[in-house]
Structures are given as structure tokens and as C-alpha cells.
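Scroll down for the structure; my scribbles are underneath it.
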Amino acid sequence: MLGNKEKNNTEPDISPDEFNVSPELFLKWRSPRFGINNPTCHNNAVWEWLIRSKISAYQASEKLNGPSSFKNGPTWCFDRFGQSSTSTPDGRIIYIGGEHEDYYDPDFCIYNDVIVLNPDDTTDIFGYPQDVFPPTDFHTATLVGEEIIIIGNLGYSDNRLLNETQVCLLNIKTFEIKKISASGNPPGWIHDHTAVLANDKKSIIIKNGKLDLDEDRSLTENIDEWKLSLDDWKWERLTHRKWARWEVRRCDRNRNNLWEIRQALWDFENKWQDSYNKAVNKLKNKIGKKPDFEVLKVLYSPDIPHMQLPEDAEKYNVFKIKIADVVVRYVEESDAVQVTVEGDLPDETISILKSDQLEKTAVLENTKCELLLIQNA
């Protein structure tokens, strides 16, 4: 099961009065906390209210006149990205971890808790020491018998172990969590992937997702498949695609402006003149000139025979072309554009693709850019 990429705030707002949550009680339980034991029961009315209402940390604090998160740290909430949800045969729903907001938000937090919605409409909340179960998000949760196998983690950047893959077991009877030290050839620090239990229930297949290879590169797409044996906890690499891959980013390592430039062009094409003017003025201040929209239109149209492929409506930042029978995929992220050539192309063609992208990106950003090769693990 894939960790949820969307926030789970789909239910209506519920008043704290329905759970007898006073400002004093809210103050006592407003902050996230680690468990002391494995597990530690953290059942309380404040968190149950927040679980049922699924409002944001900011909304909760506003309702109860809570203290500033800038000064007092984040407010606990159930409004999260990257949280897994697992249904059990006895009717429970088990939520694991997830994160609220992003690093720049005062309520940003990556959680290491387990929350259980029981069939009788009660709730159980379990916390853990962080050395037992680190703050975990964008993992997968696979139910096998009486255990949920938790694989992968994005987590806080300082806590990532680049050559390892986090594997934990959650016992759904005792709710104890156990770390697994798997052997073999793991994918590395992976997250946002998929996990499929084999038909014989003796292994889990991992594919897709992103890897943190090192601090000098962006999070890198995982293009291979991996198998984790459940008998001996050994990793096996199933594919080793030797595709040409690279990324282009600004030399100053600042975030690029491609999304903002695309939005400005979209405003212009839809005749939203006021929004367009504001966007262009903002971009002028950031990059020092009006964006070259003509270059943007041909950013992924190299001067070699190719065919543009249709865009995927659900993947707004992915662009594809086909050269001969080989797909070339461009993925726009905020810090870099990553390119994957899904097959074999002549070295001369690869060189043209690299120089074309590097030159056009530098023009759009109005600054020097660099090309970094992506080394597949």
C-alpha cells in the first residue's frame, strides 16, 4: 500500500465542544511528542477531536486561542501528507506517520505515531521512542498476517541513511514496532514508492518512488525494481536499467522559476491580464528580465527529429518526447529538471539533448546552470 500523497482532510469540521476540549486541555496536548515505551498509549480528547475533524494545526490553534507555533513549536494535527492507511480483516483502519505542511511552515512536523480507528468508533493513539520508530512519511505499509511491514521513509534530511532502506514491523495486536536490519542489495533511502505483496506472500516487490542519493543531488527517481524476501529479510535487485540520466539546475543552487514562468504564460494565454502583469513583474525582480516565453514553449523540443508525446493530466510536471522508439522523459522539480532516456540512443544524440536543455534553461533562468549526471545505485 502506498503512503497517501494527498492530505486526509475530507471530513467536516467538528467543534471541540463535542469532545469536551477546553483551551486548558488543548494547551496540555497541543504539542507532538514521542513515546516512552514501545508502544506508549497517547489517547486523549484533544487528539481524538483533531483526528475526527481533520482540521489543520493552524485552524485548531485558532479555535482554542493556542500559542504561536513560531515560538512554541508545531501544533499536533491529523491533516497530513505521506500517511499510510491500512484496513484489517476485523474492521480496523490503521494510520501510520505522515507529515503536516512543509519545512518552512511553523507547524511542519513528521510524525512517528500509529492511529487506530476501531469498528466500535473508538480511537487508539500510539507513540514510540524515535530510536524505535523514526519520524516516517511517504512509506508503504503492507499487511501480512498480524504484521504491517513498513518500508521506506522520506523523513527529516538529517536523519536519512543514504545507503539503507528503512524497514519496520508493526504488530497489529500488541502495536509494538520492531526495526529490521535487512541484508542484500537494498534500493537505498527510498520514499513515495509502491509495494506489492507477492502471491505466495513470501516477498514484497518495490518499484517507482524517489531516492536520496547524496546531499549534492536532488531526490532522484527510482527506475528499478527490488524484492524483499520475508523469510530471511534479504534485498534483491531485480532490474538494473543503464539508462542515460542527468539533471540541470542553477549553479547558485537556488530554486528554479519554471513553474512560475509556466503560470505566467498560462495567464497570458487565458487573457488574465492583471494576473499576467503581476506574475511578470514578480519574475522580473527574481530573474532580472521578462521571461522568454518562446524558449519555454520549445524547452523540451531539441533540434533533432522527435515526436512530442501527450501530457499526463495527473503529472503536471512531466514532459515526454520520443526519438526513434525511445522515450525521453523530463521531470520538472523546484530545484532541478531531471531527464531519463528510457532506452539506448547514440552518444551524439545524448550530447545534443544535454546541451539543448542546459542552454535553454540558462536562458529562462537568466543565470548560469549546470548539468549533473545521475548515477544509478
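All residue numbers refer to positions in the sequence shown, counting from 1. Predicted, not measured: the structure shown is a model, and the values here were computed from it.
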Main-chain N/O of Asn38 paired to Glu176 side chain as donor or acceptor, under 3.5 Å: no
In one Ile/Leu/Val/Met/Phe/Trp/Tyr side-chain cluster, 4.5 Å: Val248, Ile352: yes
same_hphob_cluster(Val144, Trp233) at 4.5 Å side-chain heavy-atom cutoff: yes
Side chain proximity check, Phe34 to Thr40, heavy atoms < 4.5 angstrom: no
Short N-O contact, Lys315 and Glu332, less than 4.0 angstrom: no
Spacing of CG belonging to Asn44 relative to CD belonging to Glu48, to within rounding of 0.5 Å: 8.5 Å
Cationic N near anionic O, under 4.0 Å, Asp113 to Arg80: yes
Polar side-chain atom of Thr367 near backbone of Glu365 as donor-acceptor pair, under 3.5 Å: no
ring-ring contact (aromatic ring centres under 6.0 Å, His included) partners for Tyr276, two or more places apart: Phe268
Test item: Tyr111 and Thr136 side chains (from C-beta on) under 4.5 Å apart, heavy atoms: no
Pair Trp29 + Trp47: ring centers closer than 6.0 Å: yes
Check ion pair Asp356-Lys360 (N to O, under 4.0 angstrom): yes
Spacing of CD belonging to Glu62 relative to OG belonging to Ser56, to within rounding of 0.5 Å: 9.0 Å
Short side-chain donor-acceptor distance under 3.5 Å, Asn118 and Asp124: yes
Pairing of Arg262 and Glu260 as salt bridge, 4.0 angstrom limit: no
Beyond-backbone contact of Leu170 with Ile177, side-chain heavy atoms, under 4.5 angstrom: yes
NZ (Lys234) with more than 12 external heavy atoms under 6.0 Å: no
Donor-acceptor side-chain pairing of Asn222 and Lys210 below 3.5 angstrom: no
Heavy-atom pair of closest approach, residues Leu25 and Ala45: CD2-CB, 4.0 Å
Side chain to side chain contact (heavy atoms under 4.5 Å, CB included), paired with Leu117, selected from Thr123, Thr122, Ile94: Thr123
Pi-cation contact, Trp235 with Lys227 (under 6.0 Å, within 45°): no
Asp267 to Ser275 - nearest heavy-atom pair and separation: OD2-OG, 2.8 Å
Over all atoms of both residues, closest heavy-atom pair of Phe78 and Leu50: CB-O, 3.7 Å
Ser229 versus Glu236, side-chain donor and acceptor atoms under 3.5 Å: no
Polar side-chain atom of Asp105 near backbone of Glu101 as donor-acceptor pair, under 3.5 Å: no
Basic-acidic side-chain contact under 4.0 Å: Asp90, Arg92: yes
Please tabulate, for the side chains in residues 147-157, all donor-acceptor contacts under 3.5 angstrom to protein atoms that are two or more places apart in sequence or on a different chain.
residue	atom	partner	partner atom	Å
Asn153	OD1	Asp137	N	2.9
Asn153	OD1	Gly155	N	3.0
Asn153	ND2	Pro135	O	3.0
Asn153	ND2	Gln166	OE1	3.3
Tyr156	OH	Ile110	N	2.9

Atom CD of Glu348: over 12 foreign heavy atoms under 6.0 Å: no
Test item: Thr194 side-chain N/O and Lys207 main-chain N/O as donor-acceptor pair under 3.5 Å: yes
Arg250 bridged to Asp252 by N-O distance under 4.0 Å: yes
Lys71 NZ: over 12 foreign heavy atoms closer than 6.0 Å: no
Under 3.5 Å donor-acceptor, Asn112 side chain and Phe133 backbone: yes
ring-ring contact (aromatic ring centres under 6.0 Å, His included) assessment of Phe138 paired with Phe81: CA-CA 8 Å; Phe138 298 102; Phe81 293 106; 7.1 Å; no
Set of side chain to side chain donor-acceptor pair (under 3.5 Å) partners for Ser203, sequence neighbours left out: none
Side chains of Thr239 and Asp224, donor plus acceptor under 3.5 Å: yes
Rounded distance (nearest 0.5 Å) linking atom CD1 of Ile93 with atom OG of Ser87: 5.0 Å
CG/Asp303: more than 12 non-hydrogen atoms of other groups inside 6.0 Å: no
Output field: ring centroids Phe319/Tyr330 closer than 6.0 Å: no
Neighbour count >12 (heavy atoms, 6.0 Å) for atom CG, Asp344: no
Sidechain N-carboxylate O distance under 4.0 Å for Glu221, Arg329: yes
N/O donor-acceptor pair under 3.5 Å between Asn37 side chain and Pro39 backbone: no
Verdict with reasoning, Ser69 to Asp107, per side-chain hydrogen bond (donor to acceptor under 3.5 Å, both in side chains): CA-CA 6 Å; Ser69 294; Asp107 285 309; 2.7 Å; yes
Asp131 side, atom CG; Lys179 side, atom NZ - distance, nearest 0.5 Å: 6.5 Å
Asp231 atom CG: more than 12 heavy-atom contacts under 6.0 Å: yes
Donor-acceptor contact present, side-chain Ser61 to main-chain Ala57, <3.5 Å: no
Under 3.5 Å: donor-acceptor pair, side chain of Gln263, backbone of Leu258: no
side-chain contact (heavy atoms from CB on, under 4.5 Å) between Trp243 and Val328, intermediate numbers included: CA-CA 10 Å; Trp243 293 345; Val328 180; over 6 Å; no
Side-chain H-bond candidate by donor/acceptor type, Glu18 with Ser15, under 3.5 Å: no
Ring-ring centroid check Phe126 Phe175, cutoff 6.0 Å: yes
Heavy-atom donor-acceptor pair, Trp226 side chain to Pro186 backbone, under 3.5 Å: no
Separation between CD1 of Ile180 and CG of Leu228, rounded to the nearest 0.5 Å: 9.0 Å
Heavy atoms of other groups near Glu146 CD, more than 12 under 6.0 Å: no
Side-chain donor or acceptor of Glu225 paired with backbone N/O of Asn208 under 3.5 Å: no
salt_bridge(Asp121, Arg52) N-O dist < 4.0 Å: yes
Minimum-distance pair of heavy atoms, taken over all atoms of Leu27 and Pro67: CD1-CD, 3.8 Å
Enclosure of Asn270 CG (heavy-atom neighbours >12, cutoff 6.0 Å): yes
Distance, nearest 0.5 Å, that separates SG of Cys41 from CG of Asn43: 3.5 Å
